[in-house]
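For the numbers below, each heavy atom of this structure counts, side chains included, while hydrogens, waters and symmetry mates do not. Order of the sequence lines fixes the chain letters, A, B, ..., with proteins taken first and strands second; residue numbering starts at 1 for each chain.
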Protein chains: 2
Amino acid sequence: MSEQEPGPVFGRDPSTRVAFLLSQVGSMAASQFADRLADLGLQPSDIGILRLILLNPGMSQQDLASKLGVVPSRVVSLVDGLESKGLVERRRSTRDRRNQELHLTEYGGQIMGRMRDIGSAHERHVVQALSEDERLVLGELLAKVAASHGLAADVHPGYRAAPPSSP
Amino acid sequence: MSEQEPGPVFGRDPSTRVAFLLSQVGSMAASQFADRLADLGLQPSDIGILRLILLNPGMSQQDLASKLGVVPSRVVSLVDGLESKGLVERRRSTRDRRNQELHLTEYGGQIMGRMRDIGSAHERHVVQALSEDERLVLGELLAKVAASHGLAADVHPGYRAAPPSSP
DNA sequence: TATTGTTATACTCTATAACTATA
DNA sequence: TATAGTTATAGAGTATAACAATA
(Lines give C-alpha, C1' and ligand atoms only; values in the text may rest on other atoms or scores of the structure.)
Protein backbone atom coordinates (compact mmCIF):
# COMPACT_ATOMS: atom_id res chain seq x y z
CA MET A 1 0.00 0.00 0.00
CA SER A 2 2.43 1.27 0.51
CA GLU A 3 -0.23 1.80 -1.41
CA GLN A 4 -2.05 3.32 -4.27
CA GLU A 5 -4.74 2.05 -6.50
CA PRO A 6 -5.52 4.44 -9.32
CA GLY A 7 -9.17 4.05 -10.03
CA PRO A 8 -11.07 2.89 -13.03
CA VAL A 9 -10.52 4.99 -16.09
CA PHE A 10 -13.02 3.18 -18.20
CA GLY A 11 -16.34 1.60 -17.54
CA ARG A 12 -18.70 3.09 -15.02
CA ASP A 13 -20.78 0.13 -13.99
CA PRO A 14 -19.36 -2.38 -11.53
CA SER A 15 -19.13 -5.24 -13.97
CA THR A 16 -16.51 -3.40 -16.06
CA ARG A 17 -14.26 -2.47 -13.17
CA VAL A 18 -14.16 -5.62 -11.09
CA ALA A 19 -10.36 -5.53 -11.04
CA PHE A 20 -10.33 -2.05 -9.56
CA LEU A 21 -13.00 -2.88 -7.02
CA LEU A 22 -11.07 -5.96 -5.95
CA SER A 23 -7.96 -3.93 -5.34
CA GLN A 24 -9.84 -1.12 -3.65
CA VAL A 25 -11.92 -3.30 -1.34
CA GLY A 26 -9.02 -5.64 -0.69
CA SER A 27 -6.84 -2.75 0.38
CA MET A 28 -9.56 -1.52 2.70
CA ALA A 29 -9.99 -4.97 4.25
CA ALA A 30 -6.25 -5.26 4.74
CA SER A 31 -5.88 -1.94 6.48
CA GLN A 32 -8.86 -2.56 8.75
CA PHE A 33 -7.33 -5.87 9.76
CA ALA A 34 -4.03 -4.12 10.42
CA ASP A 35 -5.86 -1.69 12.72
CA ARG A 36 -7.28 -4.56 14.76
CA LEU A 37 -3.87 -6.17 15.08
CA ALA A 38 -2.21 -2.94 16.11
CA ASP A 39 -3.95 -3.29 19.47
CA LEU A 40 -1.86 -6.42 20.04
CA GLY A 41 1.30 -4.71 18.82
CA LEU A 42 1.34 -6.96 15.77
CA GLN A 43 1.28 -6.46 12.02
CA PRO A 44 -0.53 -8.51 9.39
CA SER A 45 2.78 -9.97 8.26
CA ASP A 46 3.36 -11.29 11.76
CA ILE A 47 0.12 -13.24 11.73
CA GLY A 48 0.93 -14.93 8.45
CA ILE A 49 4.19 -16.14 9.91
CA LEU A 50 2.71 -17.27 13.21
CA ARG A 51 0.11 -19.20 11.30
CA LEU A 52 2.67 -20.98 9.13
CA ILE A 53 4.71 -21.92 12.19
CA LEU A 54 1.56 -23.14 13.94
CA LEU A 55 0.78 -25.38 10.97
CA ASN A 56 4.39 -26.46 10.45
CA PRO A 57 6.12 -26.59 13.83
CA GLY A 58 9.88 -26.86 13.57
CA MET A 59 10.06 -25.45 10.07
CA SER A 60 13.31 -23.74 9.12
CA GLN A 61 13.74 -20.12 8.18
CA GLN A 62 14.52 -21.22 4.64
CA ASP A 63 11.21 -23.07 4.48
CA LEU A 64 9.50 -19.95 5.70
CA ALA A 65 11.30 -17.75 3.19
CA SER A 66 10.31 -19.92 0.28
CA LYS A 67 6.68 -20.24 1.40
CA LEU A 68 6.36 -16.49 1.77
CA GLY A 69 8.37 -15.71 -1.33
CA VAL A 70 10.80 -13.44 0.48
CA VAL A 71 14.55 -13.29 0.84
CA PRO A 72 16.12 -15.10 3.82
CA SER A 73 17.52 -11.93 5.34
CA ARG A 74 14.03 -10.58 5.64
CA VAL A 75 12.92 -13.65 7.54
CA VAL A 76 15.67 -12.92 10.04
CA SER A 77 14.25 -9.53 10.94
CA LEU A 78 10.65 -10.73 10.89
CA VAL A 79 11.45 -13.61 13.24
CA ASP A 80 13.62 -11.30 15.36
CA GLY A 81 10.56 -9.18 15.98
CA LEU A 82 8.37 -12.13 16.92
CA GLU A 83 11.06 -13.61 19.14
CA SER A 84 11.58 -10.34 20.99
CA LYS A 85 7.85 -10.25 21.68
CA GLY A 86 8.01 -13.75 23.11
CA LEU A 87 5.79 -15.29 20.44
CA VAL A 88 8.29 -17.49 18.63
CA GLU A 89 11.28 -19.55 19.67
CA ARG A 90 14.33 -20.45 17.57
CA ARG A 91 15.83 -23.84 18.38
CA ARG A 92 19.10 -24.76 16.71
CA SER A 93 18.52 -28.12 15.04
CA THR A 94 20.49 -31.00 16.49
CA ARG A 95 20.40 -32.97 13.24
CA ASP A 96 21.79 -30.14 11.10
CA ARG A 97 23.15 -27.40 13.24
CA ARG A 98 22.86 -24.89 10.41
CA ASN A 99 19.08 -24.91 10.73
CA GLN A 100 16.89 -23.00 13.15
CA GLU A 101 13.71 -24.85 14.04
CA LEU A 102 10.86 -22.41 14.55
CA HIS A 103 8.21 -23.00 17.21
CA LEU A 104 5.44 -20.98 18.78
CA THR A 105 5.86 -20.26 22.46
CA GLU A 106 2.96 -20.93 24.77
CA TYR A 107 2.20 -17.22 24.62
CA GLY A 108 2.37 -17.35 20.84
CA GLY A 109 -0.20 -20.13 20.89
CA GLN A 110 -2.46 -18.04 23.11
CA ILE A 111 -2.20 -15.13 20.71
CA MET A 112 -3.24 -17.38 17.86
CA GLY A 113 -6.21 -18.41 19.94
CA ARG A 114 -7.22 -14.79 20.31
CA MET A 115 -6.73 -14.35 16.57
CA ARG A 116 -9.76 -16.54 16.04
CA ASP A 117 -11.99 -13.92 17.64
CA ILE A 118 -10.24 -11.01 16.01
CA GLY A 119 -10.49 -12.66 12.63
CA SER A 120 -14.15 -13.48 12.87
CA ALA A 121 -15.01 -10.00 14.13
CA HIS A 122 -13.09 -8.61 11.18
CA GLU A 123 -14.90 -10.94 8.80
CA ARG A 124 -18.31 -9.92 10.11
CA HIS A 125 -17.46 -6.23 9.89
CA VAL A 126 -16.15 -6.38 6.32
CA VAL A 127 -19.20 -8.16 4.90
CA GLN A 128 -21.77 -6.55 7.17
CA ALA A 129 -23.67 -5.12 4.20
CA LEU A 130 -24.30 -8.54 2.66
CA SER A 131 -26.89 -11.18 3.39
CA GLU A 132 -25.84 -14.68 4.30
CA ASP A 133 -26.52 -15.84 0.75
CA GLU A 134 -24.54 -12.98 -0.73
CA ARG A 135 -21.56 -13.77 1.49
CA LEU A 136 -21.63 -17.31 0.27
CA VAL A 137 -21.71 -16.27 -3.36
CA LEU A 138 -18.99 -13.68 -2.90
CA GLY A 139 -16.75 -16.19 -1.16
CA GLU A 140 -17.20 -18.72 -3.95
CA LEU A 141 -16.51 -16.22 -6.70
CA LEU A 142 -13.41 -14.93 -4.94
CA ALA A 143 -12.15 -18.46 -4.36
CA LYS A 144 -12.62 -19.17 -8.06
CA VAL A 145 -10.65 -16.09 -9.06
CA ALA A 146 -7.94 -16.86 -6.52
CA ALA A 147 -7.58 -20.44 -7.74
CA SER A 148 -7.42 -19.36 -11.38
CA HIS A 149 -4.39 -17.22 -10.57
CA GLY A 150 -2.64 -19.91 -8.59
CA LEU A 151 -2.92 -18.25 -5.21
CA ALA A 152 -2.04 -20.59 -2.36
CA ALA A 153 -5.01 -21.10 -0.08
CA ASP A 154 -3.33 -19.68 2.97
CA VAL A 155 -0.47 -17.42 1.93
CA HIS A 156 -0.97 -13.77 1.20
CA PRO A 157 0.87 -12.45 -1.85
CA GLY A 158 1.66 -9.19 -0.07
CA TYR A 159 5.01 -10.26 1.33
CA ARG A 160 6.72 -9.52 -1.95
CA ALA A 161 7.66 -5.95 -2.76
CA ALA A 162 4.19 -4.45 -2.72
CA PRO A 163 3.59 -1.53 -5.09
CA PRO A 164 1.48 1.28 -3.65
CA SER A 165 -1.67 0.00 -5.36
CA SER A 166 -3.48 -0.63 -8.64
CA PRO A 167 -6.83 -1.55 -10.19
CA MET B 1 2.80 -4.41 1.02
CA SER B 2 4.41 -3.28 0.80
CA GLU B 3 3.14 -6.26 1.48
CA GLN B 4 1.62 -9.09 3.80
CA GLU B 5 -1.72 -10.71 4.27
CA PRO B 6 -1.63 -13.39 6.95
CA GLY B 7 -4.09 -15.99 5.87
CA PRO B 8 -7.29 -17.26 7.37
CA VAL B 9 -6.81 -18.83 10.75
CA PHE B 10 -10.37 -19.91 11.10
CA GLY B 11 -12.96 -21.28 8.78
CA ARG B 12 -12.01 -23.40 5.83
CA ASP B 13 -14.83 -22.75 3.44
CA PRO B 14 -14.83 -19.57 1.38
CA SER B 15 -17.87 -18.04 3.02
CA THR B 16 -16.08 -17.77 6.37
CA ARG B 17 -12.96 -16.11 5.02
CA VAL B 18 -14.28 -13.56 2.59
CA ALA B 19 -12.20 -10.82 4.23
CA PHE B 20 -8.99 -12.74 3.69
CA LEU B 21 -9.89 -13.63 0.12
CA LEU B 22 -10.67 -9.98 -0.61
CA SER B 23 -7.27 -8.90 0.65
CA GLN B 24 -5.47 -11.74 -1.08
CA VAL B 25 -7.14 -11.38 -4.46
CA GLY B 26 -7.05 -7.58 -4.26
CA SER B 27 -3.34 -7.64 -3.63
CA MET B 28 -2.84 -9.95 -6.59
CA ALA B 29 -4.90 -7.70 -8.86
CA ALA B 30 -2.94 -4.66 -7.72
CA SER B 31 0.43 -6.19 -8.37
CA GLN B 32 -0.59 -7.50 -11.80
CA PHE B 33 -1.76 -4.03 -12.70
CA ALA B 34 1.54 -2.61 -11.46
CA ASP B 35 3.35 -5.03 -13.76
CA ARG B 36 1.42 -3.79 -16.77
CA LEU B 37 2.17 -0.19 -15.90
CA ALA B 38 5.85 -0.84 -15.38
CA ASP B 39 6.15 -1.19 -19.16
CA LEU B 40 5.21 2.48 -19.40
CA GLY B 41 7.57 3.47 -16.60
CA LEU B 42 4.61 4.27 -14.39
CA GLN B 43 3.31 3.15 -11.04
CA PRO B 44 -0.29 2.58 -9.98
CA SER B 45 -0.14 5.71 -7.84
CA ASP B 46 0.72 7.73 -10.94
CA ILE B 47 -2.42 6.62 -12.72
CA GLY B 48 -4.67 7.62 -9.89
CA ILE B 49 -3.21 11.11 -9.98
CA LEU B 50 -3.36 11.43 -13.75
CA ARG B 51 -6.98 10.38 -13.63
CA LEU B 52 -7.88 12.96 -10.99
CA ILE B 53 -6.18 15.70 -12.99
CA LEU B 54 -7.95 14.55 -16.14
CA LEU B 55 -11.30 14.81 -14.36
CA ASN B 56 -10.42 18.06 -12.56
CA PRO B 57 -8.15 20.10 -14.80
CA GLY B 58 -6.48 22.97 -13.00
CA MET B 59 -6.89 21.48 -9.56
CA SER B 60 -4.37 22.54 -6.95
CA GLN B 61 -1.91 20.32 -5.18
CA GLN B 62 -3.82 20.87 -1.97
CA ASP B 63 -6.99 19.61 -3.65
CA LEU B 64 -5.08 16.58 -4.80
CA ALA B 65 -3.60 15.95 -1.36
CA SER B 66 -6.98 16.03 0.32
CA LYS B 67 -8.63 13.80 -2.31
CA LEU B 68 -5.89 11.24 -1.99
CA GLY B 69 -5.61 11.55 1.75
CA VAL B 70 -1.89 12.22 1.71
CA VAL B 71 0.33 14.96 3.05
CA PRO B 72 1.13 17.89 0.73
CA SER B 73 4.83 17.18 0.68
CA ARG B 74 4.14 13.80 -0.82
CA VAL B 75 2.13 15.39 -3.60
CA VAL B 76 5.18 17.44 -4.43
CA SER B 77 7.32 14.41 -5.13
CA LEU B 78 4.54 12.53 -6.91
CA VAL B 79 3.89 15.48 -9.21
CA ASP B 80 7.63 16.01 -9.63
CA GLY B 81 7.86 12.52 -11.06
CA LEU B 82 4.97 13.02 -13.46
CA GLU B 83 6.26 16.42 -14.54
CA SER B 84 9.74 15.07 -15.24
CA LYS B 85 8.16 12.40 -17.44
CA GLY B 86 6.30 15.10 -19.37
CA LEU B 87 2.85 13.91 -18.34
CA VAL B 88 1.76 16.80 -16.14
CA GLU B 89 2.28 20.53 -16.16
CA ARG B 90 2.28 22.91 -13.21
CA ARG B 91 0.95 26.38 -14.00
CA ARG B 92 1.25 29.02 -11.32
CA SER B 93 -2.23 30.43 -10.82
CA THR B 94 -2.66 34.04 -11.86
CA ARG B 95 -5.54 34.59 -9.45
CA ASP B 96 -3.68 33.35 -6.40
CA ARG B 97 -0.02 32.99 -7.10
CA ARG B 98 0.41 30.57 -4.20
CA ASN B 99 -1.46 27.88 -6.10
CA GLN B 100 -0.18 25.53 -8.75
CA GLU B 101 -2.80 24.57 -11.31
CA LEU B 102 -2.29 21.00 -12.48
CA HIS B 103 -2.94 20.00 -16.09
CA LEU B 104 -2.23 16.99 -18.23
CA THR B 105 0.13 17.60 -21.10
CA GLU B 106 -0.85 16.38 -24.54
CA TYR B 107 1.41 13.40 -23.95
CA GLY B 108 -0.25 12.84 -20.60
CA GLY B 109 -3.59 12.74 -22.36
CA GLN B 110 -2.27 10.20 -24.83
CA ILE B 111 -1.05 8.00 -22.00
CA MET B 112 -4.50 8.12 -20.43
CA GLY B 113 -5.88 7.02 -23.78
CA ARG B 114 -3.60 4.01 -23.76
CA MET B 115 -4.67 3.33 -20.18
CA ARG B 116 -8.07 2.42 -21.50
CA ASP B 117 -6.63 -0.57 -23.31
CA ILE B 118 -4.30 -1.52 -20.50
CA GLY B 119 -7.13 -1.34 -17.99
CA SER B 120 -9.52 -3.43 -19.99
CA ALA B 121 -6.88 -6.04 -20.73
CA HIS B 122 -6.15 -6.16 -17.02
CA GLU B 123 -9.84 -6.46 -16.23
CA ARG B 124 -10.29 -9.36 -18.63
CA HIS B 125 -7.26 -11.17 -17.28
CA VAL B 126 -8.25 -10.86 -13.63
CA VAL B 127 -11.76 -12.24 -14.10
CA GLN B 128 -10.94 -14.68 -16.88
CA ALA B 129 -12.19 -17.63 -14.81
CA LEU B 130 -15.69 -16.18 -14.47
CA SER B 131 -18.67 -16.22 -16.79
CA GLU B 132 -20.29 -12.99 -17.87
CA ASP B 133 -23.05 -13.46 -15.29
CA GLU B 134 -20.58 -14.19 -12.54
CA ARG B 135 -18.61 -11.03 -13.35
CA LEU B 136 -21.78 -9.03 -13.05
CA VAL B 137 -22.64 -10.54 -9.69
CA LEU B 138 -19.12 -10.13 -8.36
CA GLY B 139 -19.04 -6.49 -9.44
CA GLU B 140 -22.33 -5.77 -7.72
CA LEU B 141 -21.35 -7.48 -4.48
CA LEU B 142 -18.02 -5.68 -4.40
CA ALA B 143 -19.70 -2.35 -5.09
CA LYS B 144 -22.06 -3.00 -2.22
CA VAL B 145 -19.23 -3.78 0.17
CA ALA B 146 -17.27 -0.75 -1.03
CA ALA B 147 -20.22 1.56 -0.55
CA SER B 148 -20.95 0.22 2.92
CA HIS B 149 -17.43 1.21 3.98
CA GLY B 150 -17.62 4.65 2.45
CA LEU B 151 -15.08 4.08 -0.29
CA ALA B 152 -15.08 6.84 -2.88
CA ALA B 153 -16.02 5.49 -6.28
CA ASP B 154 -12.74 6.41 -7.90
CA VAL B 155 -10.07 6.84 -5.28
CA HIS B 156 -7.96 3.97 -4.09
CA PRO B 157 -7.39 3.83 -0.33
CA GLY B 158 -3.82 2.66 -0.87
CA TYR B 159 -2.22 6.09 -0.86
CA ARG B 160 -2.20 6.15 2.90
CA ALA B 161 0.52 4.34 4.76
CA ALA B 162 -0.19 0.81 3.53
CA PRO B 163 0.60 -1.98 5.96
CA PRO B 164 2.21 -5.06 4.47
CA SER B 165 -1.12 -6.89 4.21
CA SER B 166 -3.98 -8.50 6.14
CA PRO B 167 -7.12 -10.63 5.86
C1' DT C 1 32.32 -26.65 -2.20
C1' DA C 2 27.42 -25.78 -0.85
C1' DT C 3 23.95 -24.28 2.44
C1' DT C 4 21.75 -21.77 6.60
C1' DG C 5 21.44 -18.00 8.84
C1' DT C 6 23.28 -13.42 9.92
C1' DT C 7 25.16 -8.84 9.39
C1' DA C 8 26.43 -4.65 6.81
C1' DT C 9 25.06 -1.58 3.62
C1' DA C 10 22.41 1.05 0.49
C1' DC C 11 18.10 2.45 -1.45
C1' DT C 12 13.30 3.73 -1.48
C1' DC C 13 9.30 5.54 0.49
C1' DT C 14 6.98 8.36 3.61
C1' DA C 15 6.07 11.65 7.27
C1' DT C 16 7.37 15.79 10.12
C1' DA C 17 8.88 20.10 10.49
C1' DA C 18 11.08 24.20 8.94
C1' DC C 19 11.10 27.47 5.31
C1' DT C 20 9.56 30.75 1.13
C1' DA C 21 6.29 33.25 -1.29
C1' DT C 22 2.19 34.89 -1.45
C1' DA C 23 -2.22 36.51 0.55
C1' DT D 1 -1.41 36.08 10.57
C1' DA D 2 -2.68 32.27 7.45
C1' DT D 3 -2.11 29.37 3.36
C1' DA D 4 0.22 26.78 -0.85
C1' DG D 5 3.98 24.74 -1.94
C1' DT D 6 8.76 23.32 -1.16
C1' DT D 7 12.87 21.55 1.04
C1' DA D 8 15.50 19.19 4.68
C1' DT D 9 15.70 15.59 7.58
C1' DA D 10 14.86 11.36 9.78
C1' DG D 11 12.67 6.90 10.14
C1' DA D 12 10.85 2.47 8.51
C1' DG D 13 11.13 -1.24 5.35
C1' DT D 14 13.40 -4.02 2.07
C1' DA D 15 16.92 -5.87 -1.02
C1' DT D 16 21.86 -7.12 -2.13
C1' DA D 17 25.98 -8.78 -0.98
C1' DA D 18 29.52 -10.26 2.12
C1' DC D 19 30.32 -13.26 6.00
C1' DA D 20 30.43 -17.23 9.74
C1' DA D 21 29.24 -21.67 10.98
C1' DT D 22 28.19 -26.03 9.54
C1' DA D 23 27.67 -29.70 6.29
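- Note: CG (A:Leu102) to P (C:dT4) measures 13 Å, nearest angstrom.
- Checking the phosphate oxygens (OP1, OP2) of C:dT4, no side-chain nitrogen or oxygen of A:Arg90 falls inside 4.0 Å.
- Note on B:Val76 and B:Met59: separate hydrophobic clusters, where clusters join Ile, Leu, Val, Met, Phe, Trp and Tyr whose side-chain heavy atoms are under 4.5 Å apart, directly or indirectly.
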Letter per nucleotide, 5' to 3', of nucleotides 16-23 of chain C [B base touched, S only sugar-phosphate touched, - untouched; heavy atoms, 4.0 Å]:
BB----BS
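- Between A:Asn99 atom CG and D:dT22 atom P there is a gap of 12 Å when expressed in whole angstrom units.
- Taking atom CE on B:Met59 and atom C1' on D:dG5, their separation rounds to 15 Å, with Å as the unit.
- Of all heavy-atom pairs between B:Gln62 and B:Pro72, the closest is NE2-CG, 3.9 Å.
- Side-chain atoms of A:Leu87 and A:Asp46, non-hydrogen and from C-beta on, never get closer than 4.5 Å to each other.
- Counting heavy atoms from C-beta outward, B:Leu64 and B:Leu78 have side chains that stay 4.5 Å or more apart.
- By the 4.5 Å heavy-atom criterion applied to side chains, B:Tyr159 and B:Ile49 are counted as neighbours.
- Look at CG on A:Leu68: it is 14 Å from C1' on D:dT14, rounded to the nearest Å.
- Closest to the side chain of B:Gln43, out of C:dT6, D:dG13, C:dC13, is C:dC13.
- Between B:Asn56 and B:Asp63 the shortest side-chain heavy-atom distance does not fall below 4.5 Å.
- Going from atom CD of A:Gln100 over to atom P of D:dA21 covers 14 Å, rounded to whole Å.
- Taking atom CG of A:Leu78 as the reference point, atom P of D:dA12 lies 15 Å away to the nearest angstrom.
- Regarding A:Asp80, its CG atom lies at a distance of 13 Å from the P atom of C:dG5, rounded to whole Å.
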